[in-house]
Amino acid sequence: MPDKPTRHAKPIPVPPVAASAREPTLPLRINGKAFFHNGDPEMPLLWYLRDVLRLTGTKFGCGVGYCGACTVLVDGKAQRACLTPVKTLSGHEVTTIEGLSGNADLHPLQQAWIEEDVAQCGYCQAGQIMAAADLLHSNPHPSDEDISKIPNLCRCGTYPRIRNAIKRAAEAMAKK
Amino acid sequence: MKTNLSRRRFLFVSAAASGALLVGWRLGGAQNLPYLGAREEAQALGPFIRIEKDGDVIIGARATEIGQGVKTSLPMLIAEELDVDWSRVRVEQLPYGYIETDKGPSNKYGDQGAGGSDNIPSAWTELRQAGATARALLMQAAANQWDTSAQNLRTSAGQVIAPDGRKLGYGDLVEAAAALDLPKEMPALKKPEQFKIIGKPTRTVDAADIVTGRAQFGIDAYLADALIAVILRCPHLDGGVDKLDDAETRKVPGVKDVFVIPGPNPDEPIDGPLAAGVVVVAENTWAALKGREKLKIEWKPGAWESESTSALAAKANELLDKDLDAVPVRKDGEFAKAYKAAATRLEARYEMPFLAHATMEPPGALVHIENDKALLIASLQTPSRASQTISNLTGIPRKDIEIRLTRAGGGFGRRLKNDFVAEATLIAAKTKGKPVKLIWTREDDLQHDFYRPFGMHAMRAALDKKKKVIAWSHRCAATPRNYRDSGMKDRPLYIGCIEPDDFPAGLVANLDKTFFPVASGMPRGWWRGPIHTFHAFAVQSFIDEIAIGTKQDAVQLRLDLLGAPRKLKYEGEDRFDTGRLAGVLKRAADTIGWKDKRNDGHGIGIACHFTFGGYCAHAFEVSVEGKNLLIHRAVCAVDVGRPINPLGIEAQMMGGTIDGISTALNLAITVKDGQVQQHNFPDYPLMHMAQAPQSVEVHIVESTEEPSGAGEIGIPSVAPALANAIYAATTVRVRKLPMMPELLRLL
C-alpha cells in the first residue's frame, strides 16, 4: 500500500507544507515519506525541499554544484540538490539531513560531529555530514586520503575537526 | 511617570562612577522575553535569565552568532556567576533589544553586534554581574524563607544551601526572588579559583540543532504568504538601468512583479542598496531565479569604466614613487636622516588584492512591513544599524521595528553592512503587506561586496653597525577603507589600511608611516581582522627579509625589537604588551622546532601580530613539490588573556589559520573595465579539505589577564608566516597576494 502524502513534522514550528506538495502529481519520496510536486518539474530539489517542504537543513551555497552545502543522498549516494531537477527523482529515495538518523535520535556521524565540536557558523555542516555519510557507506574505514576527497567547502575552516569526526563515527559504526 | 515605568520594567544600562557598565534591572515579565521558549511557570530574573520550577535555567544569548562562538561563551559568563550546573542550562537567542530611554535610544541587552572581536571584552564584567545579581536575589529569597541573613548562605549547582545543610533549589526560589528589590550594591564576583564553567572546554550550544538541520539561519526564515525576491544588480561600478524588457520574465509562472530599485548616488555614502538593480518578486525561489534569467537589461555604465586592478597597481606605485597626495599617519624621530646615514638599508614592496567575504550563507533578509510596523529576520552583525536602516527608509519608528536574530552562516565583516536589509525593506514596501524574503546568489555576493581594500605597502628599514633597526618606514598606497561610509566621515583616510601604533611603532627610534589614497569605485568594507590582515603581511614579511638580509635570526630580531616586557601606547592607551607578543612568538618557535635545521627541502617560517587585544604567532613547515605547496605543520600560539572557552578558542585559531591559508594562497577579487571579474566559487576558490593541513597545532597561553575576543586574532600572522616558510624552503620571496599564482610565476 503506497504511503499517503504526509505532512512533514518538524520539532520547531514552521508554516505548514505548501498545499501543492499534497496534490497528486509528480510523486517523490523524501526521508521515507511520500510527497508530490505539481509545479515546474525543472525546479531543483534544493528549492523544493526548502520552499515547499520547509526542510531547511539543506543549504544554498553556490547554485552551481561546487560547494556542497546542498548535499543530499539520492538512493544513498551524495548528490547536489541545487543541480537536481525534481523530475529526475521519481522512483528514487531522497534522504536529507533531517532524515539521516532514520528512527534513531542521531546518526553516528551527527553524534561524532557534536563530540568533536565541529561546527563554527554551522551553515555547511549538514552538507558535510551527508557527504561523509556517502563516504562511510561505500568505505567504512576511510584513510586520510579518502576523507580528503570530500569536496565540500567550509568557509570557517573546520576541516581538521570534520576529519576527526568522520574517523570517530567510522569507529563507532564499526563497533556496532 | 514614564521614567518610573521604564525603570521598573526594563533592564537599564548605566555608567557607574568607574566608567564600567553596570547591568541592573527591575522585574521583567514574560512579555519582555518574547522569544525565550517559555513554559508558563518560568520566571524571569532580569533580561537574560529565566528559571523554571524544575530548576532548568534558560539563558538568553544577546550577541549575533556568526560562528565565533559567542552564543556559547557569553551565556557561560552568566551561568558561572549564577552558579548553576551548565548541563541544566538551555541557551536561547535573544531578539534585538531596542529601547528608548531618557537619554535616547538604548538596548536592554547591551551590545549585540559582532565586530572588532569585542563581545567577550564588553561582556566580561557586565554579564558576570548579571549572573551574580540574580544569584544574590535567589540567596535573599532563601534567607527570607529561612529567616536568616543571606550572608550565612552559599550556593552550588542551582541550589541555595544553609549552614545546617538545608537546601532550596533555584526553581523553588525564583518567584520570591523576582519580587525582591535589586541589591543596593553590586554583589561581589567569584574569584577565578572558584570558576567552574569559565575556562572549561565547552561545546557549541547549538551543536545538536546544527547537525540535525534544525538550526535556523536567516535564510531559513519563512513566514506564511512570504514572497521571494531576487535582484539582478548592475555589474558596472556606480552604473544603472538604462533599458529594461521584462516581458519574458513576467511570463514565468509564479513571478509576481518586476521593478527597478535605484543604487546609491555616486559620491554619496552607501547607506541603502549597494547597486542599482531589477527586482523579481515571485512565489518561490526557483520562479524568481528563472524570471531573473529572462530579464533583458541594457546597463548604464558608471564613472569607473576605466578601473582595473592593473591600473590601480600602477597608480599606487606612482603615488609611492612620486610621493603624491601623502596623508601622514605617524612620525617618530627623523626617518630620512637616519636612513641616509645608516650602515645598512633594505626595502621591499608588497601588494594586497581586494577580497570578498564569501560568507557560506549569502546575504539576504526577510522583511515584513505591515501598516506602521516592520519585522526583520536575518543573519546580521549589527542589528542596531539594521534597525536604523529600516527606519530611515520607511519612516517607521525604531521602537516599532522588531528584529529577530538567527545564527548567521558566517560574517567576516560582510554583515556589518546592511545593504541587503535596505534592499529587502524597499521591496517589502511594495508587496502590499506581504512579507518578502530577499535571496542573494553566490554570483550576487562575489560581484557586489564591500571588499577588503586593494593596496601596496612600500617598506624601508635601516640598521646600524650592530644590526639594530634604527629607522622604519611604512608607506601604504591603497584604496581607502574609509569610502562613502557615513559612519566614518570624520575619520582619517588611512583608517582600516594602516595602524599608527602597530609593531614596530614605539620600538624603532625613527619611524615614518604615511598613507597614499588611491581612487577607486570598488565598495570597501571591514574584512575579518581588517587592518591587521591588510598590513601584517607586509610588516612581518619585511622583518623576515631584514633578518635574512642582515644574517640575523628572524625570531631573535623580533624579540630584540620587542625588548623588555612593557606596555606600549596603542590607540591612546597602554595596551600593547610587548612581553605577551614575545611570549606567543617563543611558544610557536619552540613548538615548531625553530632551531632544528631542515635539510630535506622543508622550510619553516614564523610571524606574530597583535590584534584587538589578543596576541598570536604562527609557524609553518612547508615544502614546494612541483607546482604544489605542501604544508607539513601548522602551529598557532595564542594569548587572548584568560581563556573563557578553550574549545572555542581552539576552534577560532584553527579556523583563522585555515581561512588565512586559503585566502593567502588563492583568493583575489580583480576588476576590469569597471566590473568585478569573479562570479562564483570556481573563480574564487576557497580551500578544500584536501589542501588544508590535517591539523592545526593550537597552543593557548594560560593567562590571568582580562580576556580578549578570539574571532579575528588567529588570522593576521598566517600569510606572512606562510610567505616566510616558502622563502625558507625555496629562497623565493613572495611579495604579492594571492601567493600561489605569484609563487608559480617566480619559481
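Excluded from the calculations below are hydrogen atoms, water molecules and symmetry mates; all remaining heavy atoms, backbone and side chain alike, are included. First the proteins, then the strands, lettered A, B, ... as listed; each starts at 1.
- Among B:Asp206, B:Ile219, B:Thr441, the residue with the largest count of heavy-atom pairs under 4.5 Å with chain A is B:Ile219.
- Taking chain B as the reference chain and counting heavy-atom pairs below 4.5 Å, the highest number among A:Ala126, A:Pro151, A:Gly99 is found for A:Pro151.
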How far apart are the C-alpha atoms of B:Thr406 and B:Gln216, what are their side-chain angles, what is the distance that settles it, and do they pass the side chain to side chain donor-acceptor pair (under 3.5 Å) test?
CA-CA 6 Å; B:Thr406 63; B:Gln216 293 278 293; over 6 Å; no
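- Note: A:Trp47 and A:Phe60 meet the aromatic proximity criterion, with ring centroids under 6.0 Å apart.
- With chain B as the partner, the residue from A:Glu115, A:His107, A:Glu42 showing the most heavy-atom pairs under 4.5 Å is A:Glu115.
- In this structure, chain A has heavy atoms under 4.5 Å from both the backbone and the side chain of B:Asn284.
- Between chain B and the residues A:Ala69, A:Cys121, A:Gly61, the largest count of heavy-atom pairs under 4.5 Å involves A:Cys121.
- For a residue to count as touching a neighbouring chain, one of its non-hydrogen atoms must lie under 4.5 Å from one of that chain's; by this rule B:His357 touches chain A with the backbone only.
- The ring of B:Phe681 has its center no closer than 6.0 angstrom to the ring center of B:His688.
- Of the atoms belonging to B:Leu446, not a single heavy atom falls under 4.5 Å from chain A.
- Side-chain atoms of A:Asp75 do not come within 3.5 Å of backbone N or O of A:Val94 as any donor-acceptor pair.
- Comparing A:Asp117, A:Asn152, A:Leu106, A:Thr96 by heavy-atom pairs within less than 4.5 Å of chain B, the highest count is held by A:Asp117.
- Although no hydrogens or angles enter the test, the distance criterion places a donor-acceptor pair under 3.5 Å between the side chain of A:Arg50 and the main chain of A:Thr58.
- Your options are A:Cys67, A:Gly68, A:Pro44, A:Ser101, and the one with the most heavy-atom pairs under 4.5 Å with chain B is A:Pro44.
- Nearest heavy atom pair, residue B:Gly409 against residue B:Thr359, reads O-CB, 3.6 Å.
- Contact annotation for B:Lys71: neither backbone nor side-chain heavy atoms come within less than 4.5 Å of a heavy atom of chain A.
- How far CD of B:Gln381 is from OG1 of B:Thr64: 6.5 Å, rounded to the nearest 0.5 Å.
- For the set A:Glu145, A:Gln120, A:Gln110, A:Gln125, the entry with the most heavy-atom pairs within less than 4.5 Å of chain B is A:Gln120.
- Heavy atoms closer than 4.5 Å to chain A are found in the side chain of B:Arg407, but not in its backbone.
- At a 4.5 Å heavy-atom cutoff, A:Leu109 makes no contact with chain B through either its backbone or its side chain.
- Both the backbone and the side chain of B:Pro682 come within contact range of chain A, with heavy atoms under 4.5 Å apart.
- Proximity to chain B involves both the backbone and the side chain of A:Ile147, based on heavy atoms less than 4.5 angstrom apart.
- Looking at B:Ala408, only its backbone comes within 4.5 Å of chain A, counting heavy atoms on both sides.
- For A:Leu100, no part lies near chain B; criterion is any non-hydrogen pair under 4.5 Å.
- Other residues, nucleotides and ligands place more than 12 heavy atoms under 6.0 Å from the NZ atom of A:Lys167.
- If you measure heavy-atom distances from B:Leu686 to chain A, the contacts under 4.5 Å come from both the backbone and the side chain.
- For B:Gln68, no part sits under 4.5 Å from any heavy atom of chain A, backbone or side chain.
- Using a 4.5 Å cut-off between heavy atoms, B:Ser379 does not touch chain A at all.
- There is no contact between B:Pro201 and chain A, counting heavy-atom distances below 4.5 Å.
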